[in-house]
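Heads up, the thing below is written out as structure tokens.
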Amino acid sequence: MAQTTGITAESSSPQATRAIGKSIAAKLGKGSVVSLRGPLGAGKTVLVKGIAEFFGIEEEITSPTYTIVSEYRGNLDGSPIEFWHIDAYRLKGEDDFTAIGGEEYIYGSGISVIEWSERISGLLPAGAVMVEIEICGGDNRIIRVSGV
């Protein structure tokens, strides 16, 4: 049975949040799903930028609130890998996600990072990495990671 560990990190700047994203990315592999939770303005997209940077994605990462899914091509150990940035904020629930073919992303061989994942929590794979971001005032954040 795989050992599940948890990490708690503090961030006091967007740059520190990006660095935490990179450290999370270092533990991911093909088929990984990262579930991001936290209020508006918590820094979920900033964390995704750090994850994407680790995989060599040079395109500007923005929240795909209106497109739901942004697709990128990254690099994992010298091989190309699909990177999907998903924003479930506008979805009304799991049926909406299924209707857009969302399960193909989270059960595919790429890496899926999902903002507002609580809206589709019943569809998340059992091994998903869970990230909770808490705003502590100003730029200060506590980031709790489990499943890495």
Side-chain angles (χ1 to χ4, degrees), residues 2-91 96-97 100-121 123-148:
Q3 190 99 356
T4 299
T5 59
I7 300 166
T8 298
E10 293 183 21
S11 172
S12 58
S13 70
Q15 295 80 8
T17 299
R18 274 178 100 132
I20 293 166
K22 284 183 188 178
S23 68
I24 292 168
K27 299 177 184 311
L28 302 177
K30 286 186 173 185
S32 290
V33 174
V34 180
S35 163
L36 301 177
R37 298 179 184 193
L40 280 170
K44 294 180 292 293
T45 303
V46 173
L47 192 83
V48 175
K49 289 178 182 188
I51 295 171
E53 191 174 318
F54 178 86
F55 292 109
I57 297 168
E58 296 178 1
E59 297 161 78
E60 179 63 27
I61 303 294
T62 58
S63 184
T65 302
Y66 294 100
T67 58
I68 311 296
V69 179
S70 291
E71 300 181 25
Y72 303 93
R73 194 156 187 82
N75 183 302
L76 176 65
D77 299 327
S79 298
I81 189 159
E82 295 295 322
F83 182 89
W84 299 297
H85 180 196
I86 302 166
D87 188 329
Y89 183 75
R90 292 180 41 131
L91 299 178
D96 280 359
F97 190 66
I100 64 163
E103 289 172 298
E104 291 178 31
Y105 298 109
I106 62 174
Y107 291 100
S109 61
I111 294 172
S112 300
V113 182
I114 310 166
E115 296 188 37
W116 301 100
S117 62
E118 60 272 21
R119 296 182 187 259
I120 59 165
S121 60
L123 297 175
L124 296 176
V129 174
M130 307 301 284
V131 179
E132 181 76 37
I133 304 175
E134 178 184 342
I135 300 173
C136 301
D139 285 338
N140 296 319
R141 307 287 188 264
I142 294 177
I143 301 172
R144 294 177 184 86
V145 184
S146 61
V148 291

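Because the structure is predicted, anything quoted here is derived from the model rather than measured. Positions are given from 1, in the same order as the sequence printed here.
We find the CG-CD1 distance between L76 and I81 to be 4.5 Å, quoted to the nearest 0.5 Å. Here the NZ-CD1 distance, from K44 to I143, works out to 11.5 Å after rounding to the nearest 0.5 Å. Here the CD1 atom belonging to I20 is positioned 9.0 Å from the CD atom belonging to E10, to the nearest 0.5 angstrom. Here OH of Y72 is found 13.0 Å from CD of E58. Values are rounded to the nearest 0.5 Å. I135 contributes atom CD1, which lies 11.5 Å from atom OG of S11 (distance to the nearest 0.5 angstrom). The structure places CD of E82 at 10.0 Å from OG of S112, a figure rounded to the nearest 0.5 Å.
Taking all atoms of both residues into account, the shortest heavy-atom contact from S12 to N140 is CB-OD1, 3.3 Å. In terms of heavy atoms, A88 sits closest to R119 at O-CD, 2.9 Å. Scanning all heavy atoms of the two residues, the minimum distance from I61 to I57 falls at CD1-CG2, 4.1 Å.
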Could you list the donor-acceptor pairs under 3.5 angstrom formed between side-chain atoms of residues 102-110 and any protein atom two or more places apart in sequence or on another chain?
unit_1 : atom_1 : unit_2 : atom_2 : d
Y105   : OH     : E71    : OE2    : 3.0
Y107   : OH     : L123   : O      : 2.7

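Among residues two or more places apart in sequence or in another chain, the salt bridge (Lys or Arg N to Asp or Glu O under 4.0 Å) test is passed with E134 by R144.
In this structure the side chain of L40 reaches within 4.5 angstrom of the side chain of W116, judged on heavy atoms. A heavy-atom distance below 4.5 Å is not found between the side chains of L28 and F54. Counting heavy atoms from C-beta on, the side chains of R90 and Y66 come closer than 4.5 Å. A 4.5 Å side-chain heavy-atom check between V129 and S35 finds every atom pair outside the cut-off. For the pair V69 and P64, the minimum side-chain heavy-atom distance is 4.5 Å or more. Taking 4.5 Å as the limit, some side-chain heavy atom of L124 sits within range of a side-chain heavy atom of S117. Residues E53 and F55 are not in side-chain contact: their nearest non-hydrogen atoms beyond the backbone lie 4.5 Å or more apart. Within the 4.5 Å cutoff, the side chain of I68 has heavy atoms near those of the L91 side chain.
Each of L36, T45, I114, I111 was evaluated against H85; a single residue qualifies, T45, per the side chain to side chain contact (heavy atoms under 4.5 Å, CB included) test.
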Practice item. Decide side chain to side chain contact (heavy atoms under 4.5 Å, CB included) for V48 and E115; before the verdict, give the C-alpha distance in whole Å, the side-chain angles of both, and the deciding distance to 0.1 Å. Key: CA-CA 9 Å; V48 175; E115 296 188 37; 4.1 Å; yes

Practice item. In sequence, state the C-alpha distance, the side-chain angles, and the governing distance for V34 and V145, and then conclude on side chain to side chain contact (heavy atoms under 4.5 Å, CB included). Key: CA-CA 10 Å; V34 180; V145 184; over 6 Å; no

Exercise for review: Go through V148 and I7 one step at a time and tell me if the side chain to side chain contact (heavy atoms under 4.5 Å, CB included) criterion holds.
Suggested key: CA-CA 8 Å; V148 291; I7 300 166; 3.6 Å; yes

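Not one N or O on the side chain of T67 forms a donor-acceptor pair closer than 3.5 Å with the backbone of S70. When atom types are taken as modelled, the side chain of K49 and the backbone of G21 share no donor-acceptor pair closer than 3.5 angstrom.
When only modelled atom types and interatomic distance are considered, T17 and R141 share no side-chain donor-acceptor pair under 3.5 Å. Between the side chains of D87 and S63, at least one donor N or O sits under 3.5 Å from an acceptor N or O.
Other residues, nucleotides and ligands contribute over 12 non-hydrogen atoms within 6.0 Å of the CD atom of E118.
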